[in-house]
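Accompanying notes for the structure given below.
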Amino acid sequence: MQNGPTTIPGARPPRPAGSYAARSKRWTSNAVRPDSNNSQNAQRSYERYLALARAEVQLGNTVGAENYYQHAEHYFRSMRPDPDGN
């Protein structure tokens, strides 16, 4: 049996430590994001997932319906105002 490092055929050599940091800085965006208080998209997604859940119930797929209900609940919560008023 040999002692010491073994090489695996086809294995890639390790990357230098700084390559990831340099790459992540390259993809920064200066785009302005829409206002988070606009709940129109959340309302639309909520209604969409409710409709999908109801369709799954009609098909008899309770697991799929529960999944869509959970998604709808997420958007329902995001539509409510924050308790802090933010």
Side-chain angles (χ1 to χ4, degrees):
M1 179 172 251
Q2 290 181 343
N3 291 332
T6 59
T7 58
I8 300 172
R12 294 182 182 175
R15 288 185 171 179
S19 66
Y20 180 75
R23 184 176 35 178
S24 66
K25 289 180 183 177
R26 189 176 358 156
W27 295 102
T28 57
S29 173
N30 293 331
V32 177
R33 294 186 178 192
D35 187 13
S36 63
N37 292 334
N38 185 2
S39 65
Q40 185 175 6
N41 289 335
Q43 175 73 29
R44 188 178 310 136
S45 295
Y46 171 72
E47 292 170 358
R48 181 174 134 233
Y49 281 113
L50 272 182
L52 288 168
R54 290 177 183 140
E56 290 295 319
V57 167
Q58 287 180 344
L59 293 173
N61 184 359
T62 57
V63 174
E66 181 64 28
N67 181 28
Y68 287 132
Y69 280 130
Q70 288 177 4
H71 281 80
E73 182 183 12
H74 164 75
Y75 287 106
F76 177 76
R77 290 174 187 245
S78 67
M79 287 187 299
R80 294 189 306 180
D82 290 339
D84 300 335
N86 295 339

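What you see is a predicted model; the values in this text were computed from it and never measured.
- Classification of the Y46-F76 ring pair by plane angle, with boundaries at 30° and 60°, yields tilted.
- The shortest distance between side-chain heavy atoms of E66 and Q70 falls below 4.5 Å.
- Closest approach of S78 to A42, counting heavy atoms only: OG-CB, 3.6 Å.
- Summarising the geometry, atom CG belonging to L50 is positioned 12.5 Å from atom OH belonging to Y75; distances are rounded to the nearest 0.5 Å.
- Contact check for N61 versus Y68: no side-chain heavy atoms found under the 4.5 Å cut-off.
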